[in-house]
There are 2 protein chains.
Amino acid sequence: MPETPVSPAAQAAHSPAGAGLLYLREEELRAAQDLLFFAYRDFTGAADSMLEELGFGRAHHRALHFVGRHPGLAVSDLLGILRITKQSLARVLGLLIAKGLVEQRPGRDDRRQRLLYLTASGRALERQVFERQRERLARAYRDAGPQAVEGFRRVLRGIANEQGRAWLDRAERPGRP
Amino acid sequence: MPETPVSPAAQAAHSPAGAGLLYLREEELRAAQDLLFFAYRDFTGAADSMLEELGFGRAHHRALHFVGRHPGLAVSDLLGILRITKQSLARVLGLLIAKGLVEQRPGRDDRRQRLLYLTASGRALERQVFERQRERLARAYRDAGPQAVEGFRRVLRGIANEQGRAWLDRAERPGRP
DNA sequence: ACGTTCACGTCAACAATCCTGACCCAAAAT
DNA sequence: ATTTTGGGTCAGGATTGTTGACGTGAACGT
C-alpha cells in the first residue's frame, strides 16, 4: 500500500492537539533572529583576526571564498552572489589580484568575460582561513548529530532565496546554475 | 533496563559502515559556509528596503531588535552583543533615541547605567521590520518541518559562542545572563 | 558592415558603519 | 580619599558599500 506523500508541516499538524505548530509561533521565529545573528556573528568573527593580519577584511574573504567554490566564476556572477556593485567589488578584487591570490582569464565562449580563479597561494590562504571556521562548525555538527545537521541545512536552504539555492546546488554539481 | 546515554555523534558512528560521519566531511562543512552566507544575506536583506525608507540601516535594526528582546538592557550589554565600540553604538543609538524609538532610564541598582527600552513607537517599528523577515522564516520552517527546525536550532546554537548562548537562554528566561 | 548591446574596467565623490585614542562626569567600589 | 567603572563626547581614520559617468572591446542583430 503506497504511502500518501505528506509535507513535514502537515505531519506536525497531525501530532497531539495543536502542539505540532508550536515551532511557528512568534517567539520561535524571534528566537531564530537571535540564533542567526549570534551564529553568523561568531562564525564570521572566527576568521577576522587572520584576515586583519593579512590586510584583508570580510569583503575580501567573501570574494576569495566564492571564487574558490566556483573556479571560473564570471565577475557578474560574483556580483550577483555578493550583492554589491562592480565598483565595490573592483576594489576588493583588485587587491586580491594584486596580491596574487586571484587571477583572471578571458572566457572561452565570451572573450569579454574575466573568469576568476584562485591561484595556488589563493587556495592556500583560503584554506587557512577556512580552518579558522572549521573547528567551530565541526564541533557544532558533532554535538548536534547528523539528523540535526540535515535539519539545519534544510532550514537554511529555505531561508535563502531561489538564486542562493541555485548556487548552493551548483557548488554540489559544478556548472553554471 | 535503563538506556546508556549516547551522544548524537556516537549514535551516527554506529550506523552503516562509515556513512555516519559523512556530515563532518570537508565538503559538508564548506557547504555550510555557503548556506550561512546565503541564508543570512537574504534574511537580513528582507528588511533593508524598509529600513532605508526610514533612514536607518542594519546597525539601527540590530540595536532596535536587541533592546526589544531585552527590555532594560544595559548599554554595555548591548555593546557586548553587537561587538562594537561605544562610539559606534552612540551614533546609532543616538538616532534611535532622537527619533523617539528608544528611551533610557537610570538603573535602579546602579545609577550610572542607562537602561534601554523601546518606546511604543519603537516596538511598533520593530514589529513592522520583523514582519518583513517573518514570512521568509515561517515558510522555511513549514517546508522543513519541526524536526528540521529543532536541528537548525541545535546547530546554530552550537556555532554561537558561550556568550551568545547565554543571551539566547536569557531571551527565553528573562533576566541577566 | 554597421549600429546596438553587453561584460568589464576606471574615476570620483559620497555614505554607512566600524575603529582608535583621548578626555570627562558621576556613581560605585575599595 | 582614592581608584574603578558606566556611559558620554570629540576627533580623525578605515572598510566597504553606493551613485553617476565614461570608456574599451566583444558579441549580437539587422
Side-chain angles (χ1 to χ4, degrees), chain A residues 37 41 44-45 47-67 72-99 102-117 176, chain B residues 37 40-41 44-45 47-67 72-98 102-117 176:
Chain A
F37 171 78
R41 179 194 76 174
T44 50
D48 284 352
S49 57
M50 168 168 266
L51 292 170
E52 191 178 344
E53 283 166 27
L54 297 164
F56 297 129
R58 291 181 181 179
H60 303 93
H61 183 210
R62 287 194 290 270
L64 197 69
H65 169 78
F66 282 104
V67 172
L73 186 63
V75 171
S76 54
D77 284 331
L78 186 53
L79 292 174
I81 289 173
L82 300 180
R83 288 281 157 81
I84 57 175
T85 61
K86 65 179 171 182
Q87 293 93 328
S88 192
L89 179 61
R91 195 193 294 108
V92 167
L93 204 49
L95 186 57
L96 294 177
I97 289 168
K99 298 274 189 163
V102 171
E103 65 182 357
Q104 303 186 310
R105 297 180 205 153
R108 171 171 299 180
D109 298 331
D110 185 336
R111 296 186 56 73
R112 297 174 303 183
Q113 294 188 315
R114 296 288 176 273
L115 304 184
L116 307 168
Y117 300 83
R176 178 83 193 283
Chain B
F37 170 78
Y40 200 72
R41 180 194 76 173
T44 49
D48 283 353
S49 57
M50 168 169 267
L51 292 170
E52 191 178 343
E53 282 167 24
L54 298 162
F56 298 130
R58 291 181 179 179
H60 303 93
H61 182 210
R62 289 194 290 270
L64 198 69
H65 170 77
F66 281 105
V67 171
L73 187 62
V75 171
S76 53
D77 284 332
L78 186 52
L79 292 174
I81 288 172
L82 301 180
R83 287 282 159 80
I84 57 175
T85 60
K86 62 180 172 178
Q87 295 92 331
S88 194
L89 179 61
R91 190 189 309 96
V92 166
L93 204 48
L95 186 58
L96 294 178
I97 290 169
V102 170
E103 65 182 358
Q104 303 185 311
R105 297 179 204 154
R108 170 171 298 181
D109 299 330
D110 185 336
R111 298 187 56 72
R112 295 173 303 180
Q113 293 189 312
R114 295 288 176 271
L115 306 183
L116 306 167
Y117 300 84
R176 179 80 193 286

Please state how far atom [atom1] in [X] lies from atom [atom2] in [N], giving the value in whole angstrom units.
X	N	atom1	atom2	value
B/Ile97	D/dG7	CD1	C1'	11 Å
A/Asp48	C/dC18	CG	P	13 Å
B/Leu78	C/dT17	CG	C1'	15 Å
B/Arg114	D/dT5	CZ	C1'	13 Å
A/Leu96	C/dG9	CG	P	13 Å
B/Arg83	C/dT20	CZ	P	13 Å
B/Arg41	D/dT16	CZ	C1'	17 Å
B/His61	C/dA16	NE2	P	18 Å

Within residues 84-94 of chain B, residues whose heavy atoms come under 4.0 Å of DNA chain C: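 Hits under 4.0 Å, by residue number: B/Ile84, B/Thr85, B/Gln87, B/Ser88, B/Arg91.
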Residues from residues 51-58 of chain B lying under 4.0 Å of DNA chain C - heavy atoms: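 Contacts with DNA chain C under 4.0 Å: B/Gly57, B/Arg58.
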Nearest-0.5 Å distance that lies between atom NE2 in B/His61 and atom OG1 in B/Thr44: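 Going from the NE2 atom of B/His61 to the OG1 atom of B/Thr44 covers 10.0 Å.
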Atom pair NZ (A/Lys86) and CG (A/Leu78), whose distance is rounded to the nearest 0.5 Å: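 A/Lys86 NZ to A/Leu78 CG: 14.0 Å, rounded to 0.5 Å.
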Going by side-chain hydrogen bond (donor to acceptor under 3.5 Å, both in side chains), name the residues that satisfy it together with [X], two or more places apart in sequence or in a different chain.
X	result
B/Arg111	none
B/Arg114	none
B/Arg62	none

I'd like to check the side-chain contact (heavy atoms from CB on, under 4.5 Å) partners of [X]; sequence neighbours left out, ordered by chain and number.
X	result
A/Glu103	A/Arg105, A/Tyr117, A/Thr119
B/Ala74	B/Ser76, B/Asp77, B/Gln113, B/Leu115
B/Val102	B/Leu64, B/Leu93, B/Leu96, B/Ile97, B/Leu116, B/Leu118

Please set out all donor-acceptor pairs under 3.5 angstrom arising from side-chain atoms of residues 50-60 of chain B, sequence neighbours excluded.
{"from": "B/Arg58", "atom 1": "NE", "to": "B/Asp48", "atom 2": "OD1", "distance (Å)": "3.0"}
{"from": "B/Arg58", "atom 1": "NE", "to": "B/Asp48", "atom 2": "OD2", "distance (Å)": "3.2"}
{"from": "B/Arg58", "atom 1": "NH2", "to": "B/Asp48", "atom 2": "OD2", "distance (Å)": "2.5"}
{"from": "B/His60", "atom 1": "ND1", "to": "B/Gly57", "atom 2": "N", "distance (Å)": "2.9"}

Under 3.5 Å, which N/O atoms of the protein pair with N/O atoms of nucleotides 26-30 of chain D?
{"from": "D/dA26", "atom 1": "N3", "to": "A/Arg112", "atom 2": "NH1", "distance (Å)": "3.4"}
{"from": "D/dA27", "atom 1": "OP1", "to": "A/Arg111", "atom 2": "N", "distance (Å)": "2.7"}

Axis deviation across the helix from C/dA1-D/dT30 to C/dT30-D/dA1, five-pair ends, to the nearest 10°: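 That helix has its two terminal axes inclined by roughly 30°.
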Residue-phosphate contact under 4.0 Å: A/His60 side-chain N/O, D/dT15 OP1/OP2: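 No, because none of the side-chain N or O atoms of A/His60 sits under 4.0 Å from OP1 or OP2 of D/dT15.
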Side chain of A/Arg62 (C-beta onward), nearest among C/dT17, D/dT16, D/dG8: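 So the side chain of A/Arg62 is nearest to D/dT16.
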Nearest listed nucleotide, side chain of B/Ala59, among D/dG17, D/dG7, C/dT17: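 In terms of side-chain proximity for B/Ala59, the closest of D/dG17, D/dG7, C/dT17 is C/dT17.
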Contacts of A/Phe66 that satisfy ring-ring contact (aromatic ring centres under 6.0 Å, His included) - sequence neighbours left out: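 Checked A/Phe66 against ring-ring contact (aromatic ring centres under 6.0 Å, His included); matches are B/Phe37, B/Phe38.
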Nearest heavy atoms of B/Leu89 and B/Leu82, plus distance in Å: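 The answer is CD1-CD1, 4.2 Å.
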